[in-house]
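The chains referred to below are lettered A, B, ... by the order of the sequence lines, with proteins before strands, and numbering in each begins at 1.
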Amino acid sequence: MTLSSFFKAELLTLFRRKQSIFNALIFFVMVVTLFPLGVDPSPDFLAPAAGGIIWCAIALAILMSVESLFKEDYNDGSLEQWLVSGHSVSVLVLLKVFAQWLMVVIPLVLALPFLSKMLFLASELIPVMLVSVLVGSPALFLIGAIGAALTVSLRGGAVLMLLLILPLYIPVIIFATGAVRAAQLEMPFTGQLAILGAISLLALAISPLMAAISIKASVS
Amino acid sequence: MQAVTTLCVENLWLERGDRDLCRGLSFSLQGGQVARIIGENGAGKSSLLKYLVGTLSAVEGSVAFNGEDISAHRDVLIQDLLYIGHTPGVKSVFTVAENLKLYAPHSSNQELEYALTQVSLDAYWDTPAAQLSAGQKRRVALARLWLTQKPVWLLDEPFTALDVSGVEVLEQRIKDHVITGGIVVLTTHQPLHSLNPVTIELAS
Amino acid sequence: MNWTWFHKLGSPKWFFQWADRWGKVCFWFGTVLLIVGVIWGLGFAPQDYQQGNSFRIIYIHVPAAVLAQSCYLAMGIAGFVALVWQMKLAPVFIKAVAPVGAVMAFISLVSGAIWGKPTWGTWWVWDARLTSVLVLFLLYMGVIAIQNTLDDLQLADKAVAVISIVGVINLPIIKYSVEWWNTLHQPATFKLTEKPAMPVEMWLPLLFSALGLYLFAAGVSMWRMQNEVLVRERRANWVKEEVMKRGV
Ligand SMILES: Nc1ncnc2c1ncn2[C@@H]1O[C@H](COP(=O)(O)OP(=O)(O)O)[C@@H](O)[C@H]1O
Ligand SMILES: [Mg+2]
């Protein structure tokens with residue numbers, strides 16, 4: 001197994017298992033549609049809340065898509081093969097998360113402008129929204145990967161995963177919606193985006209290591 | 001002239017939950033030998049293999065590869081190791097060929113075809129692994145034995161679910177491998193016909 | 001520098017005997033301090049000129065909140081020790097402290113709500129402090145849940161260490177983000193603790209109850225650790241001797 005054969009295999013798996021990517025997308029769209037239906041469809045409510053609604057929906061959709069990140073690899077023995085592949089497990093985790101990020105975030109980003117318009121978000125705010133998703137979502141995937149690795153050997157780990165990981169998502173959601181909010185109020189918003197980027201970088205440094213420790217402990 | 005490959009375990013104490021799987025177990029293998037771990041179900045055969053590859057830690061004991069102590073880090077061993085566990089890492093979304101290419105990316109299509117012919121899967125090149133039987137899946141994993149240069153093989157119940165001809169072919173491959181100086185450690189409940197293994201017994 | 005104490009701490013037997021002695025001392029000394037501090041604070045310390053008597057809950061609220069954070073910090077450090085030095089007692093420590101910390105976070109949430117009623121007129125406000133204690137409480141719940149869900153002890157120990165470390169790294173980020181968010185959403189609620197220097201009669205009982213609660217929690221944690229050590233080392237000879245000696 002080489003790193004490139006591994007990465008190609010990951011992309012191919014995701015491509016073949018389109019269902020999981022679609023699930024995340026459909027979940028995202030459903031949650032966003034529920035808000036106008038459940039709370040208030042008027043632009044007065046939706047326009048200021050749009051950033052928050054979209055970001056909460058994205059966080060949940062991403063959490064759902066990473067929850068089973070290592071499940072199949074655990075069940076078919078691939079994780080065990082990772083450990084004897086001679087590659088650092090952290091690097092393998094990183095590649096896997098990167099592949100997952102690519103395949104899940106691209107559809108979300110494509111759907112984003114339409115959903116933003118449906119929530120009456122002003123057109124000039126959509127780029128800010130997009131940038132916040134691109135800069136902030138890596139942290140969500142990376143942090144989620146730790147939870148997925150910790151709960152991989154459990155049968156029904158989804159709820160536990162939610163409990164473990166959602167509190168850690170709070171800063172990302174706060175700063176991302178903060179950036180959109182600031183842009184709405186015509187205030188500077190690059191600071192929030194920079195903090196988002198910093199959180200993603202921190203997650204990039206720590207999460208593969210922690211996920212690797214968890215995987216090693218789970219496989220035995 | 002390359003030195004002989006050796007794998008030595010000394011004074012090993014393995015524990016699972018509250019049960020001792022082995023205590024004070026020592027053995028020493030060198031190139032050309034096949035070792036067979038025997039014991040009842042749950043005696044700890046798989047656990048011993050997992051200790052050797054480093055996914056399970058021991059209470060006490062040490063392991064050395066080519067004279068070098070690798071108790072703390074298995075890196076040196078892993079470079080020379082092929083391990084096929086109970087669940088051998090065959091991905092059901094991939095076809096048979098894709099599965100092999102993942103683990104042997106440098107092999108040519110001809111080599112892959114040769115390996116698949118050996119395990120009588122040459123007709124299944126493009127079949128998704130999800131559509132294979134248990135024995136056929138195991139054969140996909142075992143096909144890696146014809147593609148590898150690694151000297152040390154650790155095989156957990158490689159004969160399970162194989163038919164008679166499959167067992168024969170595999171025994172032959174193992175024989176060929178140890179003749180060239182390799183080491184094979186395997187677990188099995190079936191009698192071996194053409195191999196003459198060293199036995200490592202785990203009493204429970 | 002003498003490191004023997006560090007290695008001794010790694011020995012469950014030595015720890016058990018040490019904790020046997022010092023755990024009780026901490027517990028009783030802490031209980032006395034806590035009672036003195038709370039009675040002094042609730043009954044005798046002067047009234048606050050703005051909030052009257054309702055501010056007195058500070059003598060419970062603040063120590064609990066501070067302790068809840070300290071416990072998590074300690075768990076994070078123990079998690080690090082567990083992963084890097086593989087010290088046997090570190091996971092035991094985390095397991096023992098997590099529920100204590102969770103209870104402290106819960107007390108500080110409840111007392112915060114009780115304080116909020118007369119002060120802000122509602123039980124719950126999305127105030128930065130309350131929100132971050134709420135998140136802290138959720139983090140504790142995560143640690144406790146994973147500890148109880150994983151059957152495999154080694155896996156559970158690793159998992160708890162990982163999640164404690166990740167939580168501790170996140171704690172300042174969470175706190176900062178919540179504070180920042182709070183100033184964005186809630187300008188101008190009046191501040192409770194930023195007042196020109198508390199008089200001695202007010203902060204001394206606070207110091208007493210905080211210190212008392214720390215010692216009390218340390219005592220309880222040591223006792224919980226002792227139990228856990230006994231369970232984990234149940235096959236060791238010294239445990240059998242210990243149990244025989246006391247005739248349990
Ligand atoms: N993942 C596990 N967690 C805890 N105990 C296990 C695990 N896997 C196996 N065991 C225990 O370890 C012992 C040895 O298992 P194993 O090595 O798989 O036996 P064998 O391969 O000889 O049948 C068994 O008693 C089993 O109950
Ligand atoms: Mg077995």
When rounded to the nearest 0.5 angstrom, what distance separates [atom1] in [X] from [atom2] in [Y]?
X	Y	atom1	atom2	answer
A:Thr151	C:Ile146	OG1	CD1	6.5 Å
C:Ile163	A:Leu150	CD1	CG	5.5 Å
C:Asp151	A:Ser153	CG	OG	9.0 Å
A:Leu163	C:Met141	CG	CE	8.5 Å
A:Ser220	C:Gln154	OG	CD	7.0 Å

Examine whether an atom of [X] lies under 4.5 Å from a heavy atom of chain C, and if so say whether it belongs to the side chain, the backbone or both; otherwise answer neither.
X	answer
A:Ser207	neither
A:Leu166	neither
A:Leu162	neither
A:Leu168	both
A:Thr177	neither

Is it the case that over 12 heavy atoms from other parts of the model lie below 6.0 angstrom from the [atom1] atom of [X]?
X	atom1	result
C:Phe80	CZ	no
A:Phe120	CZ	yes
C:Tyr140	OH	yes

Over all atoms of both residues, closest heavy-atom pair of A:Ser214 and C:Leu155: O-CD1, 4.4 Å
Chain A contact via [X] - which portion, at a heavy-atom distance below 4.5 Å:
X	answer
C:Leu134	neither
C:Leu83	side chain
C:Asp152	side chain

Do [X] and [Y] come close enough that some side-chain heavy atom pair is under 4.5 Å?
X	Y	answer
A:Ile195	C:Tyr176	yes
A:Phe175	C:Trp181	no
C:Ile174	A:Ile174	no

Options C:Val162, C:Ile165, C:Ile173, C:Thr149, ranked by heavy-atom pairs under 4.5 Å with chain A, top entry: C:Val162
For C:Arg232, all residues meeting salt bridge (charged side-chain N to carboxylate O under 4.0 Å, His left out), sequence neighbours excluded: C:Asp157, C:Glu228
